[in-house]
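Being a predicted model, the structure only gives us computed values, none of them experimental.
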Amino acid sequence: MARVGLNTERLARAGAELADEVGFEQVTVSALARRFDVKVASLYSHMKNSHDLKTRIALLALEELADRAAEALAGRAGKDALVALANVYRDYAREHPGRYAATQYRLDTETALASAGVRHSQMTRALLRGYDLTEPDATHAVRLLGSVFHGYVSLELGGGFSHSAPDSDETWTRTLDALDALLRNWPAPDPRTTEAG
């Protein structure tokens with residue numbers, strides 16, 4: 001019988017909090033059961049297994065991050081929008097490291113297409129309209145921005161920039177300056193590569 005007060009949404013939120021405390025990889029149904037002082041079996045009426053729990057945490061985190069991004073991007077364009085979006089990712093990762101890690105959790109295609117991940121892509125593409133990029137360059141740029149944001153934030157969270165000057169904040173600002181310059185001067189495709197394809 002399901003414990004009174006426990007439901008899927010509450011468990012996903014508690015799982016997200018646990019992820020921030022101990023790391024996303026450490027989140028399991030057993031760990032969550034201990035948090036609520038219930039038997040593991042009592043949680044299986046709400047979720048199938050740890051993969052299901054992690055998927056729900058990932059969906060929650062993607063939704064939270066998309067909401068923040070939408071709010072930050074409202075009324076902004078060009079470099080202002082680029083900086084706003086980048087800072088949302090960085091700030092969220094610093095505030096919620098476990099949830100941020102959950103946003104990288106591999107989802108099956110159907111779940112991914114129904115998730116807020118689609119909104120992330122749409123917002124990034126909207127931002128790129130200010131740089132006049134067309135396909136396939138817009139897709140290349142979406143992937144570039146995601147790679148730079150995630151790579152930088154992950155290295156920073158891991159302490160990768162904490163042992164040398166200049167300060168990480170300064171490098172972040174210069175990185176965004178460089179991305180803006182690149183997006184405004186996006187290189188034309190190499191005709192040799194285009195012909196080979």
Taking 4.0 angstrom as the limit, do [X] and [Y] come out as a salt bridge?
X	Y	result
Arg94	Glu156	yes
Glu64	Arg13	yes
Lys79	Asp177	yes
Arg90	Glu95	no

Within the 4.5 Å heavy-atom criterion, are [X] and [Y] side-chain neighbours or not?
X	Y	answer
Arg125	Thr139	yes
Thr173	Asp169	no
Leu145	Leu82	yes
Thr171	Phe161	no
Pro187	Asp137	no
Tyr152	Leu176	no
Glu63	Arg119	yes
His96	Glu17	no

Do you reckon [X] sits in the same ILVMFWY cluster as [Y], going by side-chain contacts under 4.5 Å, direct or chained?
X	Y	answer
Val22	Leu53	yes
Leu65	Leu127	yes
Phe149	Leu155	yes
Leu60	Val118	no
Leu59	Met123	no

Next item on the list: Quick one: do Val88 and Leu73 satisfy side chain to side chain contact (heavy atoms under 4.5 Å, CB included)? Show the steps, please.
Entry: CA-CA 9 Å; Val88 163; Leu73 287 171; over 6 Å; no
Once rounded to the nearest 0.5 Å, what's the spacing between atom [atom1] of [X] and atom [atom2] of [Y]?
X	Y	atom1	atom2	result
Arg56	Lys54	CZ	NZ	15.0 Å
Leu128	Leu85	CG	CG	9.5 Å
Glu71	Arg68	CD	CZ	9.0 Å
His150	Tyr89	NE2	OH	11.5 Å
His46	Asn7	NE2	CG	7.0 Å

List the atom of [X], the atom of [Y], and the distance in Å for their closest heavy-atom pair.
X	Y	value
Ala31	Leu18	CB-CD2, 3.8 Å
Arg76	Asp80	CD-O, 3.6 Å
Arg99	Ala61	O-CB, 3.4 Å
Ser115	Ala112	OG-O, 2.7 Å

Notebook entry, point to check: So Asp167 and Trp172, side chain to side chain donor-acceptor pair (under 3.5 Å) or not? Walk me through it.
Noted result: CA-CA 9 Å; Asp167 182 74; Trp172 178 250; over 6 Å; no
Notebook entry, point to check: Should the ring pair Tyr105 and Phe24 be called parallel, tilted or perpendicular, given that the plane angle runs from 0 to 90° and is split at 30 and 60?
Noted result: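 Ring orientation, 0 to 90° scale: perpendicular.
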Distance alone, cut at 3.5 Å: any donor-acceptor contact between the side chains of [X] and [Y]?
X	Y	answer
Trp186	Asp132	no
Tyr92	Thr103	no
Thr55	Asp52	no
Tyr100	Asp20	no

Check: Would you say Ser121's side chain and Gly117's backbone share a donor-acceptor pair under 3.5 angstrom?
Finding: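 Judged by distance alone, no pair lies under 3.5 Å.
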Check: Can you tell me if Thr111 uses its side chain to pair, donor with acceptor, with the backbone of Leu107 under 3.5 Å?
Finding: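 Checked: no pair found.
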Next item on the list: Would you indicate whether Glu135, at its atom CD, is surrounded by more than 12 heavy atoms from other residues, nucleotides or ligands within a distance under 6.0 Å?
Entry: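 Count over threshold, so yes.
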Next item on the list: Would you mind telling me which of Val38, Leu11, Val27 makes a side-chain contact (heavy atoms from CB on, under 4.5 Å) with Leu32?
Entry: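 Going through Val38, Leu11, Val27 one by one, the side-chain contact (heavy atoms from CB on, under 4.5 Å) with Leu32 is satisfied by Leu11 alone.
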Checklist line | For Glu21, all residues meeting side-chain hydrogen bond (donor to acceptor under 3.5 Å, both in side chains), sequence neighbours excluded | finding: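 Here the qualifying residues are Arg35.
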